[in-house]
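Since the model is a prediction, treat every value here as computed from it, not as a measurement. Computation of the quantities below employed the complete heavy-atom set of this structure, encompassing side-chain atoms and omitting hydrogens, waters and symmetry-equivalent molecules.
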Amino acid sequence: MNVLITLLTFILMEGATWIIHKYVMHGFLWVLHRDHHDHSNEGILEKNDYFFVIFSLPTIALMYFGSLKDLNYLFFIGLGIMLYGMAYFFVHDIFIHQRIKIFSGTQNPYFLALRRAHKQHHKHTGKEDGECFGFLYVPFKYFRMYFNSAKK
């Protein structure tokens with residue numbers, strides 16, 4: 001059951017990420033997310049990186065309180081959120097944005113479509129008119145965009 005809770009939480013985080021990205025990061029906390037789009041930061045860190053701290057706090061709390069009583073369901077919800085956060089870091093920051101220069105030569109269609117979807121999201125430098133706010137789910141149109149650009 002604990003594996004199911006962790007897996008379900010990981011999957012549900014995609015929807016939560018979409019909502020948070022569209023309505024919080026591109027909404028009232030745009031002040032922290034803006035530099036991720038317009039690259040106005042100086043140095044290797046962005047204000048946007050504060051979101052790692054913001055999102056880690058409830059995760060830590062869930063895992064802590066869930067560990068107090070025989071690793072109950074709260075711990076495994078926190079674990080699912082933590083695993084999603086780790087996936088986000090590796091895929092978004094390392095693979096897509098190349099903050100650490102590895103995995104740049106992949107030919108995997110899913111990862112290339114994911115990168116294409118994210119590029120479409122970043123073509124909008126303002127907080128309005130965005131698209132593709134999710135993270136791991138890639139709408140089919142981005143696979144078509146990737147394959148059409150690969151044919152040229």
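Of all non-hydrogen atoms in Asp38 and Ser40, the two that sit nearest each other are OD1-OG, 2.8 Å. Here the closest heavy-atom approach between residue Ala117 and residue Val138 is recorded as CB-CG1, 4.4 Å.
Checked by atom type and distance alone, the side chain of Asp35 never pairs as donor or acceptor with a backbone atom of Asn41 at under 3.5 Å. Between the side chain of Arg116 and the main chain of Lys141, no donor-acceptor pair closer than 3.5 Å is present.
Between Leu32 and Ile54, some side-chain heavy-atom pair lies under the 4.5 Å cut-off. Side chains of Ile5 and Phe75 form no contact here, defined as non-hydrogen atoms less than 4.5 Å apart. In this structure, Thr6 and Leu83 have side chains that are in contact, with non-hydrogen atoms separated by less than 4.5 Å. Under the 4.5 Å side-chain criterion, counting only non-hydrogen atoms from C-beta, His37 is in contact with His26. The shortest side-chain heavy-atom distance between Met13 and Leu136 does not fall under the 4.5 Å cut-off. Between Tyr50 and Leu29 there is no side-chain heavy-atom pair separated by less than 4.5 Å.
The ring of His121 has its center no closer than 6.0 angstrom to the ring center of His36.
Cluster annotation: Phe55 is not connected to Tyr64 through the hydrophobic network of ILVMFWY side chains, with a link wherever side-chain heavy atoms come within less than 4.5 Å. No path of Ile, Leu, Val, Met, Phe, Trp and Tyr side chains, each step under 4.5 Å between heavy atoms, connects Met1 with Ile11, placing them in separate hydrophobic clusters. When hydrophobic clusters are built by joining Ile, Leu, Val, Met, Phe, Trp and Tyr residues whose side-chain heavy atoms come closer than 4.5 Å, directly or via intermediates, Phe89 is grouped together with Val91. Leu12 and Ile20 are not part of a single hydrophobic cluster, where members link through side-chain heavy atoms under 4.5 Å apart. Under the 4.5 Å side-chain heavy-atom criterion for ILVMFWY residues, no single connected hydrophobic cluster contains both Leu8 and Met63.
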- Let me see the working for Leu74 and Lys69 under side-chain contact (heavy atoms from CB on, under 4.5 Å), right down to the final yes or no. CA-CA 10 Å; Leu74 294 176; Lys69 185 150 178 152; over 6 Å; no

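Residue Met82 holds its CE atom at 11.0 Å from CZ of Phe10, rounded to the nearest 0.5 Å. A distance of 9.0 Å separates CG of Asn2 from CG of Asn72, quoted to the nearest 0.5 Å.
No hydrogens or angles considered: a donor-acceptor pair under 3.5 Å links the side chains of Tyr84 and Thr17.
Taking the six-membered ring where the residue is Trp, His33 and Phe51 present perpendicular rings, their angle passing 60° and hence far from 30°.
Within 6.0 Å of atom OH in Tyr73, 12 or fewer heavy atoms from other residues, nucleotides or ligands are found, so the atom counts as exposed in its surroundings. Surrounding CZ of Phe52 are more than 12 heavy atoms belonging to other residues, nucleotides or ligands, all under 6.0 Å away. For Lys47, the NZ atom counts as loosely surrounded, since its 6.0 Å shell holds 12 or fewer non-hydrogen atoms of other residues, nucleotides or ligands. Counted within 6.0 Å of CD1 on Ile44, heavy atoms from surrounding residues, nucleotides or ligands total 12 or fewer; the atom is thus considered open.
Residues forming a salt bridge (Lys or Arg N to Asp or Glu O under 4.0 Å) with Asp93 (at least two apart in sequence, or on another chain): Arg99. Not counting sequence neighbours, His39 has no partner by the ring pair (Phe, Tyr, Trp, His ring centres under 6.0 Å) test.
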